[in-house]
Amino acid sequence: MILAIDALNKQAGVRNIKNSNAACPISFGEKRKPIDEISNISPFSKIEHSFVATDKTRLGANFDEKTGNIVFKLASKNATDVFLCTFENPKGEKPKNVIRMERNKDGIWEAALKADSKKPVYYGYRVFGPNWEYNKDFFNEDGSIKNPKSGFKAIRDENGARFNPNKLAFDPFAKELSHLPSDNDFGGADVYFSLDNCFEDNAIYAPKSVFSLSSDMAIKKASNRPLNDEIIGEVHIKDLSINEDVEGRGTYLGAKNLAGKIKDMGITMVEFLPLTEFDDKEGVGNHWGYMPLLQFAPAKRYSNGKNPGDSLKEFREMVDAFHREDIKVCMDVVYNHTGEGATKNGNPDNAKQLSYALIDNQMYYKQKDGLYNSNSGCGNDTNTADGEVAELIADSVAFWAKQGVDAFRFDLAAALLDKDSSGNVQYDDEKSLAAKLVPMLKERGIKVVPPDSSEDGIYLIAEPWTCGGEGCYRIGHFPENWSEWNDVARETIKRESTFPNKVAPKDLRNILEGTTDILKKRGRSINYVFSHDGYNLYDANTTNSPEGSWHYATDFGGDKKRQIGAMKKQVALLMLSKGTPMIQIGDLIAHSKNGMENTYNLDNDVNYLDFSSVENEGSVSNIIYDFSTNMMKFRKSHKRIRDLDSKIEYYKKDGSVADDGDVEYWNDTNVNTLSYKIGDSKPVFVSISSDDEPLDIKLPKNNEGKAWKMVCDTSFERSFDVDFECSKSYKQEPHSIVIFEEVTE
């Protein structure tokens with residue numbers, strides 16, 4: 001039978017490979033100047049360089065220019081036989097070609113077929129292994145399945161193998177998926193569970209990997225600058241543009257067409273929630289995309305064009321457009337789990353199988369007693385300690401870096417600190433993938449630069465915990481060159497606004513200085529108050545959270561002024577702290593999610609942003625947008641705020657200096673103000689009050705011929721629309737922040 005299939009392959013042209021300060025109402029409608037015309041007022045340098053993006057990968061399907069062949073490569077340590085199946089169309093057909101792949105000297109399975117420049121190739125793999133051996137009577141001569149039970153031993157074996165050649169596996173390195181797993185007429189995602197449909201050939205409806213010839217593309221690079229010079233804006237790509245009057249709204253094209261608007265906001269790096277392929281109809285819905293199916297394929301649902309290859313092309317064009325506005329792009333990447341592996345009702349024999357579990361379940365997943373580990377809280381944990389899985393992750397980061405991505409935020413990144421391949425967990429800061437990733441990327445031509453560097457390269461950002469397991473909170477444990485999401489800053493800033501008597505001066509000082517007690521390396525803190533998880537800025541300050549929620553929210557007894565004041569304080573403290581501020585773009589316009597704290601599955605107006613709301617003068621959205629954009633301008637125009645080495649002097653309420661040795665003062669949670677001066681020449685003075693009463697704040701003595709000029713008072717509706725000079729004191733309103741800068745009298 002194999003000879004017959006090989007003969008068919010030769011006829012089809014295939015072969016085996018051997019060894020081988022803004023006016024209000026605010027409007028977005030003004031004509032923008034080209035970036036070169038405004039670069040003289042930017043604290044950042046001009047765009048200077050570009051590079052050529054390529055889609056070549058170590059494994060997967062790649063075009064060989066020398067032979068004119070598509071070369072397919074697949075990693076599976078525990079497979080005993082692998083067959084490549086190609087199809088003319090993505091659904092409803094038997095395979096056109098069935099090619100028995102060969103294992104090369106590096107242990108990689110290989111095959112090839114002649115490329116047709118006019119047609120995409122739809123393909124998948126049938127993989128045999130210890131629990132399901134290959135016998136010659138498995139296939140008919142035309143490549144269809146003759147005996148679906150041939151070679152069957154067990155659904156799974158004691159080592160965790162779950163090979164099933166009746167199921168077509170899509171390629172982990174595919175740059176595109178033909179359709180989503182749920183896109184079938186046979187029961188949605190349920191048909192992919194191993195027990196109920198074990199002996200059914202699913203090739204007629206299973207998702208296929210798609211290969212299509214693509215051209216390289218030149219992409220402009222953004223300016224080189226240290227990470228703490230960035231202001232990161234987190235956003236979901238569809239939510240960003242779906243309500244906008246732009247071409248391609250809700251897609252990569254829509255985001256591309258909003259690059260100028262984001263520039264005007266003051267954002268310098270846009271961080272997109274996951275953009276790699278996922279099934280949005282998975283479970284009760286999956287709008288955010290934190291259940292990845294592929295790590296090299298841009299999600300097709302965000303593509304305006306629907307032809308093969310359009311997704312990657314539009315992704316690149318989007319990145320290029322942001323770079324031309326001197327905005328960097330950060331991808332939220334999910335390597336700690338997949339959207340595949342999970343057992344049904346705790347039955348170890350009934351597992352969802354789409355790709356990784358069919359190709360090599362033992363290699364890709366951590367498991368114990370037939371069940372998947374799930375410290376991710378998402379049904380499975382990937383085996384990041386396995387060498388080949390680690391290589392895939394490094395390949396994926398390098399691939400996206402070669403598409404122009406500037407930074408990567410690693411979801412639940414504590415998983416990358418695990419060096420144990422078994423069902424156990426052993427965190428190691430020095431010997432795990434997190435430590436190895438920088439040199440692995442260097443081998444792939446990608447340079448990782450430390451947060452305080454302005455060299456050309458990419459940044460790595462960790463969410464330094466997972467959802468469960470002993471010792472899973474790993475903030476401060478990531479190796480050199482990594483930055484980390486700082487939930488200490490998050491909780492301290494929120495408490496300062498809502499529970500001031502639980503925040504001592506030392507706590508607030510620690511955040512302002514970059515949380516150096518935990519994140520000892522320079523500039524490693526990614527400061528944020530709200531992210532996609534939990535309440536957003538508006539709802540956290542206008543909603544009372546239900547009992548038992550770990551996300552705290554309060555409406556301040558309905559006091560509107562206090563609500564808006566708290567929002568302003570939270571934004572201000574974020575922008576005044578050393579490290580890198582990250583803010584949700586929706587928070588800039590005080591977007592509300594109707595008081596909901598977890599909207600991961602809602603593809604509707606709860607999540608969709610409406611920028612027209614800022615044009616309603618006097619609305620909360622208008623006030624917060626005005627304040628936030630001005631606060632970002634202030635941060636950008638005052639380098640000493642961002643400078644990791646700038647001198648800071650702290651003062652007590654009476655104007656005396658707060659010495660470091662005054663332990664009683666620094667630990668007193670009843671102290672209701674913290675004032676400080678940054679710099680000696682052209683200093684900035686900030687006073688933060690959490691008092692219920694107005695306070696007379698004594699300002700530091702000015703340099704000769706100088707005076708303090710007010711920049712901002714958060715108690716004003718238009719906080720930056722002030723004109724006040726003084727030299728000795730200022731009456732500060734309750735629960736406010738005031739900012740002064742020294743000017744010539």
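Values reported hereafter were calculated over all heavy atoms of this structure, with side chains retained and with hydrogens, waters and symmetry mates removed. For the single chain, residues carry numbers from 1 onward in sequence order.
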Practice task
Please check if any side-chain donor atom of Tyr290 sits under 3.5 Å from a side-chain acceptor atom of His532, or the reverse.
Solution key: yes
For the NZ atom on Lys153, are there more than 12 heavy atoms of other groups (residues, nucleotides or ligands in this structure) within a distance under 6.0 Å? no
So, are Glu88 and Lys96 salt-bridged, with charged N and O less than 4.0 Å apart? yes
One should read off an interatomic distance between Asn131 CG and Glu158 CD, to the nearest 0.5 angstrom, of 11.5 Å
Worksheet item: Do we see a donor-acceptor contact under 3.5 Å between the side chains of Asn304 and Thr251?
Response: no
Taken in chain and number order and not counting sequence neighbours, the residues that satisfy side chain to side chain contact (heavy atoms under 4.5 Å, CB included) with Lys56 are Thr54, Asn62, Glu65
Would you please say whether a donor-acceptor pair under 3.5 Å links the side chains of Tyr335 and Ser396?
-> yes
TODO: Show the numbers, then the answer: is there a side-chain hydrogen bond (donor to acceptor under 3.5 Å, both in side chains) between Ser214 and Asp55?
DONE: CA-CA 8 Å; Ser214 66; Asp55 66 353; 2.5 Å; yes
query: Side-chain donor-acceptor pair under 3.5 Å between Lys368 and Asn424, yes or no?
result: yes
Notebook entry, point to check: Are the charged groups of Lys73 and Asp171 less than 4.0 angstrom apart, N to O?
Noted result: no
Open item on the list: Could you check whether Ser432 and Asp428, counting side-chain N and O atoms only, form a donor-acceptor pair closer than 3.5 Å?
Closed with: no
Taking the six-membered ring for Trp, are Tyr356 and Tyr364 closer than 6.0 Å centroid to centroid?
yes
Here the gap from Asn601 atom CG to Glu282 atom CD, rounded to the nearest 0.5 Å, amounts to 10.0 Å
For Asn184, the side chain to side chain contact (heavy atoms under 4.5 Å, CB included) test, sequence neighbours excluded, returns Phe186, Val191, Tyr192, Tyr205
**Report entry** Test of ring centre spacing under 6.0 Å for Trp482 and Tyr459
**Finding:** no
- Message: Within a 6.0 Å radius of atom NZ on Lys313, are there more than 12 heavy atoms belonging to other residues, nucleotides or ligands?
- Response: no
Applying salt bridge (charged side-chain N to carboxylate O under 4.0 Å, His left out) to Arg409 and not counting sequence neighbours gives Asp332, Asp411, Glu463
Applying side chain to side chain contact (heavy atoms under 4.5 Å, CB included) to Phe199 and not counting sequence neighbours gives Trp132, Pro148, Lys149, Phe152, Asn166
For Glu271, the salt bridge (charged side-chain N to carboxylate O under 4.0 Å, His left out) test, sequence neighbours excluded, returns none
Checklist entry - Short question: side chain of Ser376, backbone of Asn380 - any donor-acceptor pair under 3.5 Å? => result yes
Backbone of Pro120 reached by a side-chain donor or acceptor of Ser212 within 3.5 Å: no
message: Using a strict threshold of under 4.0 Å (side-chain N to carboxylate O), is an ion pair present between Arg58 and Glu388?
response: yes
>> Does Asp106 have more than 12 heavy atoms from other residues, nucleotides or ligands lying within 6.0 Å of its CG?
In response: yes
### Message
Donor-acceptor check, side chain of Arg444 to backbone of Phe399, threshold 3.5 angstrom: yes or no?
### Response
no
Q.
For Asp360 and Asn78: C-alpha separation, side-chain torsions, deciding distance, then whether side-chain hydrogen bond (donor to acceptor under 3.5 Å, both in side chains) applies.
A. CA-CA 6 Å; Asp360 201 330; Asn78 297 293; 2.9 Å; yes
Rounding to 0.5 Å, atoms CG (Leu437) and CZ (Phe408) come to a distance of 9.5 Å
- [ ] Using modelled atom types only, decide if a donor and an acceptor are shared between the side chain of Glu314 and the backbone of Gly305 within a distance under 3.5 Å.
- [x] yes
Sequence neighbours excluded, the answer for salt bridge (charged side-chain N to carboxylate O under 4.0 Å, His left out) partners of Asp420 is none
Here the gap from Asp386 atom CG to Glu391 atom CD, rounded to the nearest 0.5 Å, amounts to 10.0 Å
| message | Would the distance check show the side chain of Asn286 and the main-chain N or O of Gly289 forming a donor-acceptor pair, the cut-off being under 3.5 Å? | response | yes
Ser182 meets the side chain to side chain contact (heavy atoms under 4.5 Å, CB included) criterion, sequence neighbours left out, with Leu180, Asp279, Lys281
(message) Check whether Thr384 reaches the backbone of Ala415 with its side chain - one donor and one acceptor, N or O, closer than 3.5 Å.
(response) yes
To the nearest 0.5 Å, atom CD1 of Ile70 lies from atom OG1 of Thr86 at 9.0 Å
Hits for ring pair (Phe, Tyr, Trp, His ring centres under 6.0 Å) against Phe315, two or more places apart or cross-chain, chain-then-number order -> Tyr252, Trp400
Exercise. Check whether the side chains of Gln295 and Asp395 place a donor and an acceptor atom closer than 3.5 Å, and report yes or no.
Key: no
Do side-chain atoms of Asn350 reach the backbone of Leu195 as a donor and acceptor pair under 3.5 angstrom? yes
With His236 as partner, the option from Phe272, Trp288, Tyr302 fulfilling ring pair (Phe, Tyr, Trp, His ring centres under 6.0 Å) is Tyr302
Could you check if a side-chain atom of Phe63 sits within less than 4.5 angstrom of a side-chain atom of Phe211, using non-hydrogen atoms only?
-> yes
Within the distance-only criterion (no hydrogens, no angle test), does the side chain of Asn361 pair as donor or acceptor with the backbone N or O of Gly160 below 3.5 angstrom?
yes
Salt bridge (charged side-chain N to carboxylate O under 4.0 Å, His left out) filter on Glu430, not counting sequence neighbours, yields none
Determine whether Asn147 and Asp137 make a side-chain contact, defined as any pair of heavy atoms from C-beta on separated by less than 4.5 Å.
yes
Answer yes or no: is there a side-chain heavy-atom contact under 4.5 Å between Leu293 and Leu177? yes
**Request:** Taking the side chain as every heavy atom from C-beta outward, state whether Lys352 and Lys344 have any pair of such atoms under 4.5 Å apart.
**Result:** no
Fill in: Pairwise side-chain contact, Lys447 with Ile458, heavy-atom cut-off 4.5 Å (strictly under)
no
Under 4.0 Å between a side-chain nitrogen and a carboxylate oxygen: does that hold for Lys300 and Glu176?
yes
task = Report yes if the side chains of Asn375 and Cys467 come closer than 4.5 Å at any heavy-atom pair, otherwise no.
result = no
Across all chains, not counting sequence neighbours, the ring pair (Phe, Tyr, Trp, His ring centres under 6.0 Å) partners of Tyr125 are Tyr123
- prompt: Counting distance only, does the side-chain N/O of Asp381 pair as donor-acceptor with the main-chain N or O of His337 below 3.5 Å?
  reply: no
* Under 3.5 Å, is there a donor-acceptor pair between the side chain of Asp418 and the main chain of Gln426? -> yes
Practice item. Determine whether the side chains of Asp310 and Ser303 contain a donor N or O and an acceptor N or O closer than 3.5 Å. Key: no
ring-ring contact (aromatic ring centres under 6.0 Å, His included) pairs touching residues 159-180, sequence neighbours excluded, are Phe173-Phe296
CZ of Phe139 to CD1 of Ile145, rounded to nearest 0.5 Å, is 6.5 Å
**Message:** Is a donor from one side chain sitting under 3.5 angstrom from an acceptor on the other, for Thr57 and Lys175?
**Reply:** yes
Across all chains, not counting sequence neighbours, the ring pair (Phe, Tyr, Trp, His ring centres under 6.0 Å) partners of Tyr365 are Tyr372
